[in-house]
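To start, the structure under review is shown below, and the notes come after it.
This is a predicted model, so every value here is computed, not measured. In what follows, chains carry the letters A, B, and so on, assigned in the order in which the sequence lines appear, proteins first and then strands, with residues in each chain numbered from 1.
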Protein chains: 2
Amino acid sequence: MDLRFVLFELSRMLECVDSVVSISSKQLGTTLGVSQQTASRYLAILEKNRLIKRVVKKRGQDISLTKEGLAILKNMHDELGFFIQGKKMLEITGKVSIGIGEGAYYIKMYADKIEKELGFKPYYGTLNVKVEEMPAGMQRLAFKKIPSFEKEGRSFGGIKIAKIRLKYGKKAVDCYLIMPERTHHKNELEIISKENLRSKMGLKDGSLVIVEV
Amino acid sequence: MDLRFVLFELSRMLECVDSVVSISSKQLGTTLGVSQQTASRYLAILEKNRLIKRVVKKRGQDISLTKEGLAILKNMHDELGFFIQGKKMLEITGKVSIGIGEGAYYIKMYADKIEKELGFKPYYGTLNVKVEEMPAGMQRLAFKKIPSFEKEGRSFGGIKIAKIRLKYGKKAVDCYLIMPERTHHKNELEIISKENLRSKMGLKDGSLVIVEV
DNA sequence: ATTACTATATAGCGAGTAT
DNA sequence: TATACTCGCTATATAGTAA
């Protein structure tokens, strides 16, 4: 049994996001169609993984979701929404950040493939935008894909590319968002363009920008 | 692994509800973190359960969701929505149906418990309303619960009760919806009231009514 | 490349039970 | 009543391989 499903079933018993449900392992087992022992184990694992908080009592246990547990369910909801209701425009606000400076090297490596897909030679560098939370289903908004490849003895992962509109104050520029297929969990968007976006738009570290996907 | 999550992962690869994705069992296995053989088996089972349609080809397989498969995901999305966004008012349209006539007997058995919870002696009968599709998360809208019990050597399952407003033409009456806790999958709502709803509202089999939960 | 069979390994379930 | 441990068994995953 996938523990996400246990989490999902628990959510059905909770009145709302930050409420607490009192349930015995026997009851939970019955709802899930497993034994009391197994349900007990599930709860122990969920607690260990910090997806639920629980207080084991003489009669049943009080269970509530942690921030992480809720995030998993929210993410599932978002993903399903993207799928069922179709693509949507996303607007993300973030701050320009310095990045690790690797952007230039990577773009150089991907440059010919990017040129083939987008029809222009990209500026050798990325504009990094730090966001509070990476929105779910962003990969779905991609319109181009570059598969993984090998070059100079190194392997480069596949990337997805989405068209975006970068806004800073009253200025707005059409450019492209690069998304590694292997989910990296740093909360940064990497944006590429024909030109140097920093100088073109007058951006500095910390500048508040809006990304319209 | 719960197959619902295989379905969920597949949905993430599909562009939209009725599109087709071409994927090999190897690829799917990698995304799910299982072997190619296991992924292959998953797909076979999903197909057998009529949750996906697939065309196995020389290079990968074309996969799309069936109506049933999509319904499962939609249901998950709805349930998560109820949980994350909070309770909502539901409006269900259905037709008065004849039912199996067991309603009277059951209500008689539950009568004293209903009276204790709702403060009135219910009419010995239920108004059955046939709906197209049972909306997800309806149980969540219950405000009272009667636990399972034994009586006259038989056991009666727990039920949940929700306040509803029954509308027929310009008439509207406040009454109660009875929901067995053990999910029964017939698409009928069972409504109880102090009085005989059929005669009070002039309902006949097939009358189109609106149920506001 | 693929899919998917059979055989083997192992992960996970639940009975029994202690607490 | 509960929770949750050990342990044997079975259900499920993977390796090897055929088609």
Side-chain angles (χ1 to χ4, degrees), chain A residues 1-10 13-14 20-66 69 145-150 155 157-158 181, chain B residues 1-10 13-14 20-66 69 72 145 147-150 155 157-158 181:
Chain A
M1 169 103 52
D2 196 295
L3 285 179
R4 277 174 296 184
F5 182 65
V6 181
L7 212 58
F8 174 68
E9 280 300 328
L10 283 172
M13 300 169 189
L14 287 161
V20 176
V21 65
S22 183
I23 193 174
S24 73
S25 55
K26 181 113 207 300
Q27 274 177 279
L28 179 62
T30 307
T31 351
L32 292 171
V34 298
S35 69
Q36 170 268 316
Q37 294 90 330
T38 299
S40 173
R41 215 182 45 250
Y42 288 166
L43 290 174
I45 298 170
L46 285 174
E47 186 184 34
K48 201 175 159 192
N49 295 353
R50 298 176 190 287
L51 300 181
I52 61 168
K53 271 197 286 282
R54 67 180 181 145
V55 182
V56 179
K57 301 197 295 192
K58 269 267 170 329
R59 211 177 174 86
Q61 17 194 320
D62 288 348
I63 291 164
S64 59
L65 295 188
T66 61
K145 188 183 156 176
I146 294 176
S148 57
F149 60 93
E150 308 256 335
S155 79
E181 287 195 305
Chain B
M1 168 99 56
D2 196 294
L3 286 179
R4 274 170 290 193
F5 281 99
V6 181
L7 212 58
F8 174 69
E9 283 299 331
L10 283 171
M13 299 169 189
L14 287 161
V20 177
V21 66
S22 183
I23 192 174
S24 73
S25 54
K26 182 113 208 298
Q27 273 177 280
L28 178 62
T30 307
T31 349
L32 292 171
V34 298
S35 68
Q36 169 268 318
Q37 292 90 330
T38 299
S40 172
R41 199 159 31 82
Y42 287 166
L43 290 173
I45 299 170
L46 285 174
E47 186 184 33
K48 201 175 158 193
N49 296 353
R50 297 174 189 287
L51 299 181
I52 61 167
K53 272 197 286 281
R54 67 179 181 142
V55 182
V56 179
K57 301 197 296 191
K58 270 268 171 328
R59 210 178 176 85
Q61 17 195 320
D62 287 348
I63 291 164
S64 59
L65 295 188
T66 62
I72 287 180
K145 188 183 155 175
S148 57
F149 60 94
E150 306 258 334
S155 80
E181 287 194 305

Walk me through it: do Leu46(B) and Leu10(B) pass the test side chain to side chain contact (heavy atoms under 4.5 Å, CB included)?
CA-CA 11 Å; Leu46(B) 285 174; Leu10(B) 283 171; 4.0 Å; yes

Give, for atom CD of Gln61(B) and atom OG of Ser22(B), the distance between the pair rounded to the nearest 0.5 Å.
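So the CD of Gln61(B) and the OG of Ser22(B) are separated by 8.5 Å.
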
For the base of dA2(D), is there a side-chain donor-acceptor partner from Gln36(A) under 3.5 Å away?
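No such pair is found, so the answer is no.
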
Please report the C-alpha distance between Met1(A) and Thr38(A) in whole Å, then the side-chain angles of each, then the deciding distance to 0.1 Å, and finally whether the side chain to side chain contact (heavy atoms under 4.5 Å, CB included) criterion is met.
CA-CA 10 Å; Met1(A) 169 103 52; Thr38(A) 299; over 6 Å; no

Strictly below 4.0 Å: does [X] bring a side-chain N or O up to OP1 or OP2 of [N]?
| X | N | answer |
| --- | --- | --- |
| Arg41(B) | dA4(C) | no |
| Tyr42(A) | dG12(C) | no |
| Arg54(B) | dT2(C) | no |
| Ser25(B) | dT3(C) | yes |

Base, sugar-phosphate or nothing for Ser24(A)? Non-hydrogen atoms, less than 4.0 Å.
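The answer is sugar-phosphate, as Ser24(A) gets under 4.0 Å only of primed atoms, P, OP1 or OP2.
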
From [atom1] of [X] over to [atom2] of [N], roughly how many Å is that when rounded to an integer?
| X | N | atom1 | atom2 | answer |
| --- | --- | --- | --- | --- |
| Lys26(A) | dA4(D) | NZ | C1' | 15 Å |
| Leu28(A) | dA4(D) | CG | C1' | 14 Å |
| Gln61(A) | dA2(D) | CD | C1' | 9 Å |
| Lys48(B) | dT3(C) | NZ | P | 19 Å |
| Met1(B) | dT10(C) | CE | C1' | 16 Å |
| Ile52(B) | dT3(C) | CD1 | C1' | 14 Å |
| Lys57(B) | dA4(C) | NZ | P | 14 Å |
| Leu3(B) | dA13(D) | CG | P | 9 Å |

Run the numbers on Leu51(B) and Leu3(B) for side chain to side chain contact (heavy atoms under 4.5 Å, CB included), then give the verdict.
CA-CA 10 Å; Leu51(B) 299 181; Leu3(B) 286 179; 5.7 Å; no

Closest-nucleotide 5' rank along DNA chain D - winner of Gln37(A) and Arg59(A):
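Going by which nucleotide is closer to the 5' end, it is Arg59(A).
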
Audit row: Leu43(A), Ile63(A), side chain to side chain contact (heavy atoms under 4.5 Å, CB included) steps and yes/no:
CA-CA 9 Å; Leu43(A) 290 174; Ile63(A) 291 164; 3.6 Å; yes

With the side chain of Ser40(A) defined as its heavy atoms from C-beta on, choose the nearest nucleotide among dA4(C), dA13(D), dT3(D).
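Looking only at side-chain atoms, Ser40(A) lies closest to dT3(D).
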
Find the partner of dT1(D): check Watson-Crick (N1-N3 plus N6-O4 or O6-N4) and G-U wobble (N1-O2, O6-N3) distances, both under 3.5 Å, and reply none if neither fits.
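Because no pair has both required distances under 3.5 Å, dT1(D) counts as unpaired.
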
